[in-house]
Amino acid sequence: MDEVSIVGLDLAKRVFQAHGASSSGDAIFRRQLSRSKVLPFLARQPRCIVAMEACASAHFWGRAIRELGHEVRLIPPIYVKPFVKRQKNDAADAEAIAEAAVRPNMRFVEVKSQSQQAGAMVFRTRDLLVRQRTQLINALRGHLAEHGVVAPQGVTNVRILEAAIEEVEMSLELLIVETARLYLAQIASLSEQILMLEKVLQQEAAKAVTTARLLTVPGIGHVTAMAIEAFAPPMETFQRGRDFAAWLGLVPIQRSTGGKRVLGRTSKMGQRDIRRLLITGAMTMVRWAGRCASPEGSWLSRMLERKPRMLVAIALANKMARSVCAMLTNGEDYRDPVTVAA
């Protein structure tokens with residue numbers, strides 16, 4: 001019997017499906033495994049490739065299976081779908097994973113370390129709390145607007161609502177005031193928790209050499225630096241900076257045909273957390289350039305003269321992504337183009 005060359009593993013909560021194939025592609029086994037039997041089963045197999053979809057819990061299983069001596073390959077689920085034959089079930093999924101993993105031009109996801117996932121958890125927890133705080137602020141603004149109390153958007157303007165409900169002249173009903181105070185207490189509690197998580201991110205960013213280097217880039221702060229550290233793969237996996245920008249979804253969609261190059265809107269097909277933060281940082285730089293004149297003849301000043309601000313911000317985010325890739329690949333700090341040219 002041929003020896004197992006690759007195992008396609010369809011992940012689940014309790015019942016896993018394994019598909020073993022030889023180097024020629026012939027199926028050797030199809031097994032259903034309970035969660036507790038996955039690692040013992042793979043430990044009995046000869047060293048081979050174990051492929052999985054890059055989905056929930058994939059990085060945990062990738063680290064555990066790699067410790068057994070196997071080579072782990074994580075595949076984006078969208079790249080596995082074309083290899084599923086007709087019916088959709090666990091056995092067909094495991095076979096499709098094994099088939100996709102041996103394609104010579106297949107793209108894989110790097111297995112994240114436990115520290116990377118810890119940083120990602122802190123980042124996404126902060127992001128969740130910020131969204132919850134925004135929901136509460138918007139709900140409070142909407143409710144009080146029905147009673148003649150209005151305030152601009154933003155967390156800094158909550159104090160206007162707080163002062164308004166405590167004003168005796170407003171003559172709001174007691175039930176409205178008590179309910180509004182409940183909102184304000186929740187908003188204040190979330191703000192404290194967000195501030196605490198931001199301090200954690202700053203402390204973690206100060207420890208690593210990589211994040212300290214990223215902080216030298218204009219428009220990149222502690223949160224963005226930690227997001228790149230947590231979510232981005234090693235920059236050595238990209239051949240050039242444009243590939244990293246494309247991985248983030250900061251390049252145009254192509255609909256080219258017949259030798260005619262047709263570019264559309266920004267693809268947004270990539271890591272949305274880093275992309276959103278880079279665009280936010282770039283928009284800050286664009287606003288700063290509008291208030292304080294940027295150096296004459298610089299790329300940013302030329303772009304702002306003939307393009308909308310949002311388009312310039314996305315283009316600047318693309319340049320920032322390329323700079324990040326070059327810096328981390330070469331182990332260098334950021335060098336201002338204007339200073340270098342001078």
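Heads up: numbering here begins at 1 and tracks the sequence. These values consider heavy atoms only, across backbone and side chains, with no hydrogens, waters or symmetry-generated copies.
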Backbone of Arg287 reached by a side-chain donor or acceptor of Arg309 within 3.5 Å:
no
Do the non-hydrogen side-chain atoms of Pro218 and Met285 ever get within less than 4.5 Å of each other?
yes
Could you give the distance from CZ (Arg44) to NZ (Lys37), rounded to the nearest 0.5 Å?
9.0 Å
Distance (rounded to the nearest 0.5 Å) between Phe29 CZ and His19 NE2
8.5 Å
Leu11 to Ala56 - nearest heavy-atom pair and separation
CD1-O, 4.2 Å
Measuring centre to centre across the rings, with the benzene-like ring taken for any Trp, is Trp247 within less than 6.0 Å of Phe231?
no
Is the shortest side-chain N to carboxylate O distance from Arg73 to Glu71 below 4.0 Å?
yes
Between CG of Leu215 and CD of Gln202, what distance do you get to the nearest 0.5 Å?
9.5 Å
Pair Phe16-Phe41, side-chain contact (heavy atoms from CB on, under 4.5 Å): steps then yes or no
CA-CA 11 Å; Phe16 295 65; Phe41 175 78; over 6 Å; no
Where Arg107 and Ile75 come nearest, the two heavy atoms and their spacing
O-CG2, 4.3 Å
Derivation of the side-chain contact (heavy atoms from CB on, under 4.5 Å) call for Leu250 and Arg275
CA-CA 7 Å; Leu250 285 170; Arg275 180 180 65 245; 3.7 Å; yes
Would you say the side chain of Thr125 lies within less than 4.5 Å of the side chain of Met121, judging by non-hydrogen atoms?
yes
Donor-acceptor pair, side chain of Ser189 and main chain of Ala185, under 3.5 angstrom
no
Would you check, one step at a time, whether the test side-chain hydrogen bond (donor to acceptor under 3.5 Å, both in side chains) holds for Arg14 with Ser34?
CA-CA 6 Å; Arg14 296 181 180 85; Ser34 64; over 6 Å; no
Looking only at heavy atoms, what is the nearest atom pair of Ile97 and Ala51, with distance?
CG2-O, 3.4 Å
Tell me the closest heavy-atom pair linking Tyr183 and Leu136, and the distance in Å.
CD2-O, 3.7 Å
Main-chain N/O of Ile176 paired with Glu173 side-chain donor or acceptor, under 3.5 Å:
no
Please examine the side chains of Val158 and Arg141, heavy atoms only from C-beta on, and report whether any two atoms are closer than 4.5 Å.
no
For Ala120 and Ala230 the tightest heavy-atom approach is N-CB, 3.6 Å
Evaluate Ile220 against Tyr334 for side-chain contact (heavy atoms from CB on, under 4.5 Å), listing each step before the verdict.
CA-CA 11 Å; Ile220 291 184; Tyr334 178 77; over 6 Å; no
Taking the side chain as C-beta and beyond, is there a heavy-atom pair between Leu328 and Leu214 under 4.5 Å?
yes
Please determine whether residues Met196 and Ile187 belong to a single hydrophobic cluster, defined as Ile, Leu, Val, Met, Phe, Trp and Tyr linked transitively by side-chain heavy-atom distances below 4.5 Å.
yes
Does any N or O in the side chain of Thr216 come within less than 3.5 Å of the main-chain N or O of Ala212, such that one atom is a donor and the other an acceptor?
no
In terms of heavy-atom contacts, does CD of Gln87 have more than 12 from other residues, nucleotides or ligands at under 6.0 Å?
no
Less than 4.5 Å apart, any side-chain heavy atom of Glu110 and any of Thr237?
yes
Using a 4.5 Å cut-off on heavy atoms from C-beta on, say whether the side chain of Leu184 contacts that of Ile165.
yes
Please check: side-chain N/O of Gln254 versus main-chain N/O of Ser256, any donor-acceptor pairing under 3.5 Å?
no
Determine whether a donor-acceptor pair (N or O, by modelled atom type, separation under 3.5 Å) exists between the side chain of Thr329 and the backbone of Ala326.
no
What's the spacing between Asp93 CG and Glu53 CD if we round to 0.5 Å?
6.0 Å
Taking the side chain as C-beta and beyond, is there a heavy-atom pair between Trp299 and Lys319 under 4.5 Å?
yes
Do you reckon Tyr79 sits in the same ILVMFWY cluster as Phe108, going by side-chain contacts under 4.5 Å, direct or chained?
yes
To the closest 0.5 Å, what do you measure between CZ (Arg31) and CG (Leu9)?
12.5 Å
Worked verdict on Gln117 versus Arg63 for side-chain contact (heavy atoms from CB on, under 4.5 Å)
CA-CA 12 Å; Gln117 288 195 292; Arg63 292 192 298 269; 2.8 Å; yes
Under 4.0 Å between a side-chain nitrogen and a carboxylate oxygen: does that hold for Arg124 and Asp127?
no
Take Arg181 and Gln186, measure what side-chain hydrogen bond (donor to acceptor under 3.5 Å, both in side chains) needs, and give me the verdict at the end.
CA-CA 9 Å; Arg181 285 173 179 168; Gln186 292 292 322; over 6 Å; no
Transitive ILVMFWY side-chain link Val72 to Leu68, under 4.5 Å:
yes
From the options Leu248, Val251, Ile279, Thr266, select the one residue that forms a side-chain contact (heavy atoms from CB on, under 4.5 Å) with Asn318.
Val251
With respect to Gln17, which candidate in Leu33, Asn89, Asp10 satisfies the side-chain contact (heavy atoms from CB on, under 4.5 Å) definition?
Asp10
Using the rule that two of Ile, Leu, Val, Met, Phe, Trp, Tyr join whenever any of their side-chain heavy atoms come within less than 4.5 Å, decide whether Leu42 and Val111 are in one cluster.
yes
Check the surroundings of atom CD in Gln239: do more than 12 heavy atoms from other residues, nucleotides or ligands lie under 6.0 Å from it?
no
Looking only at atom types and distance, does a side-chain atom of Ser22 sit under 3.5 Å from a main-chain N or O of Ser5, one as donor and one as acceptor?
no
Using a cut-off of 6.0 Å, state whether more than 12 heavy atoms not belonging to Arg276 lie near its atom CZ.
yes
One should read off an interatomic distance between Gln203 CD and Lys199 NZ, to the nearest 0.5 angstrom, of 8.5 Å
Establish whether Val7 and Phe60 are linked, either directly or via other cluster members, by ILVMFWY side-chain heavy-atom contacts under 4.5 Å.
yes
Least distance between heavy atoms, Arg35 atom then Lys13 atom
NH1-O, 3.2 Å
Should side-chain heavy atoms under 4.5 Å link Ile, Leu, Val, Met, Phe, Trp and Tyr, which residues sit in the same cluster as Val84?
none
Side-chain touch Leu74/His59, heavy atoms, less than 4.5 angstrom:
yes
